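Quick note on labels: first sequence line is chain A, next is B, and so on, each numbered from 1. Nothing here was measured: the structure is a model prediction, and the numbers come from that model.
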There are 2 protein chains.
Amino acid sequence: MSLRYALLALLRVGPMSGYDLQKQFSQSVGHVWYAPDSQIYPELRRMEADKLVEAEEQPRGERATRRLYHVTDAGDRAFRDWIAAPLEYQRVKDQSHLKAAYLETGTAENARAFFERHRAQWQAELDQWNRELARIDGDEHPMLQRRLAVTAPADRERTIAFKRHTYEGLVERARIEIAWAERGLELPDS
Amino acid sequence: MSLRYALLALLRVGPMSGYDLQKQFSQSVGHVWYAPDSQIYPELRRMEADKLVEAEEQPRGERATRRLYHVTDAGDRAFRDWIAAPLEYQRVKDQSHLKAAYLETGTAENARAFFERHRAQWQAELDQWNRELARIDGDEHPMLQRRLAVTAPADRERTIAFKRHTYEGLVERARIEIAWAERGLELPDS
DNA sequence: CAGGGCATGTAAAGCGTTACATGATTCA
DNA sequence: TGAATCATGTAACGCTTTACATGCCCTG
């Protein structure tokens, strides 16, 4: 159900097509939520049926059309309701920690490979999130700039503060995963 | 697909019924993986069809039966293969960070409630994991004890080390989530 | 006129959650 | 005999992934 709100969050900044939205998922929100195109297009249709968005059909050349989606008032309300609603936490399901708990079943080499991979994986995430933070600080973040443009001046600082805080949290998450992997590599017999 | 391996991990220690397995998910592995009974029973049947486990039917009183599951050689191999296989990491999808990024949409009170809840949630996880760690150290961990009983003496230290390391990672994860929530509460205007 | 990017989807299968449903045994 | 616990499932639904599928437009 979060995909719907991730899409609304993006569309509240300005109208976009399914294709545009999909590309956004490789940047900005894409670092906290992601979906393939095959999920985005049907979800947009469902949101249209639920009157959360409206499509403006634009002809492309002779035959093709492009559907540009706008958030409706109902969509805006739905987003605000989601923001106000308490988040339902579900129990932790963590594949890497599940496997880590049973690593003694395999060889030392196996365990080493596991932790190396874990470190590399989170290092890549860390790099991305740090890059996002640098772009926020350097005023080079395209979606944030568009968002600030439609934000009352008094709220701009607040908007930036929440955005920074989000990425700082992700950066720290990545850091502890890396540290955990490194301690794993130092474990006797791994 | 991880449920299957979580179940195999438990069954490798000794035969259990679906009901027993379900209860284990409120302890031990339950802290890294979880499933409701309605998912466990069908999964056990599928694993039986795939010859990873075998059921021993035990009569209970006059009419009822209890299906006690044993891991087969194929099941043991499947588990070892899973341990040896590199983990497929998927892109981060984090509901709480998704919402956190758009908290400026709501009121300051709303943001405060969000972070309070986040802190409480992770504090509860932290308490559980710390309790698990204490039980490991105090030799009071039932599943671990059963596992050590079927483990070669030379491998026992290693088994404990991986188990401890897993929970230490979870504990640190919880700590940074709490710290992040607390910094969120100190954000201007939240 | 070819290649890269723009643009939109369908289909099938798997995984997971929630709700529903039932009944037996054991102990107080 | 009533409550707690043991014990096992089905059904419906929704979300997500993966694979498949198509075709136009623009630039060099």
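Centroid-to-centroid, the aromatic rings of A:His31 and A:Phe25 stay 6.0 Å apart or farther.
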> In B/S/- notation, 5' to 3', how is nucleotides 15-22 of chain D contacted by protein heavy atoms closer than 4.0 Å?
Replying inline: SSBBB---
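Taking the charged nitrogens against the carboxylate oxygens, A:Glu186 and A:Arg112 have no contact shorter than 4.0 Å, which rules out a salt bridge. A:Arg183 has a carboxylate O that lies under 4.0 Å from a charged side-chain N of B:Glu172, or vice versa, which qualifies the two as a salt bridge.
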Side chains of residues 120-127 of chain B: which donor-acceptor pairs under 3.5 Å do they make with residues two or more places apart or in other chains?
residue  : atom : partner  : partner atom : Å
B:Trp122 : NE1  : B:His118 : NE2          : 3.4
B:Gln123 : NE2  : B:Asp127 : OD1          : 3.1

Counting only pairs under 3.5 Å, give me each side-chain donor-acceptor contact of residues 80-88 of chain B, with atom names and distances, residues two or more places apart or in other chains.
residue : atom : partner  : partner atom : Å
B:Arg80 : NE   : B:Asp76  : OD2          : 3.0
B:Arg80 : NH1  : A:Thr105 : O            : 3.3

Could you list the donor-acceptor pairs under 3.5 angstrom formed by side chains in residues 37-46 of chain A, with sequence neighbours left out?
residue : atom : partner : partner atom : Å
A:Tyr41 : OH   : A:Tyr19 : N            : 3.4
A:Glu43 : OE1  : A:Arg46 : NE           : 3.3
A:Glu43 : OE1  : A:Arg46 : NH2          : 2.9
A:Glu43 : OE2  : A:Arg4  : NE           : 2.9
A:Glu43 : OE2  : A:Arg4  : NH2          : 3.2

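Scored by the salt bridge (Lys or Arg N to Asp or Glu O under 4.0 Å) test, A:Asp155 finds no partners at all (sequence neighbours excluded). Considering only residues two or more places apart in sequence or on other chains, A:His97 meets the ring pair (Phe, Tyr, Trp, His ring centres under 6.0 Å) condition with A:Trp180. Checked against salt bridge (Lys or Arg N to Asp or Glu O under 4.0 Å), B:Asp137 has the following partners two or more places apart in sequence or in another chain: B:Arg164. Remark: A:Glu48 engages A:Arg67 in a salt bridge (Lys or Arg N to Asp or Glu O under 4.0 Å) (not counting sequence neighbours). The salt bridge (Lys or Arg N to Asp or Glu O under 4.0 Å) check on A:Arg119 picks up A:Glu116, A:Glu182, with sequence neighbours excluded.
Rounded to whole Å, atom C1' of D:dT10 lies 12 Å from atom CZ of B:Arg45. Here the C1' atom of nucleotide C:dG16 and the OH atom of B:Tyr5 are 17 Å apart, to the nearest Å.
Between its two ends, the helix from C:dC1-D:dG28 to C:dA28-D:dT1 turns its axis by 10°, counting five pairs per end and rounding to 10 degrees.
The stretch residues 6-26 of chain A does not touch DNA chain D, since none of its heavy atoms comes less than 4.0 Å from the strand.
Atom NZ of B:Lys51 is surrounded by 12 or fewer heavy atoms from other residues, nucleotides or ligands within 6.0 Å.
Close to C:dT8, at under 4.0 Å from its OP1 or OP2, lies no side-chain N or O of A:Arg67.
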All N/O pairs under 3.5 Å across the protein-nucleotides 23-27 of chain D interface:
residue : atom : partner : partner atom : Å
D:dC25  : OP1  : A:Arg60 : O            : 2.9
D:dC25  : OP1  : A:Glu62 : N            : 2.6

>> Let's go through B:Gln95 and A:Gln90 carefully: what are the C-alpha distance in whole Å and the side-chain angles of both, what is the deciding distance for side-chain hydrogen bond (donor to acceptor under 3.5 Å, both in side chains) to 0.1 Å, and is it a yes or a no?
In response: CA-CA 10 Å; B:Gln95 277 198 73; A:Gln90 49 248 81; 3.3 Å; yes
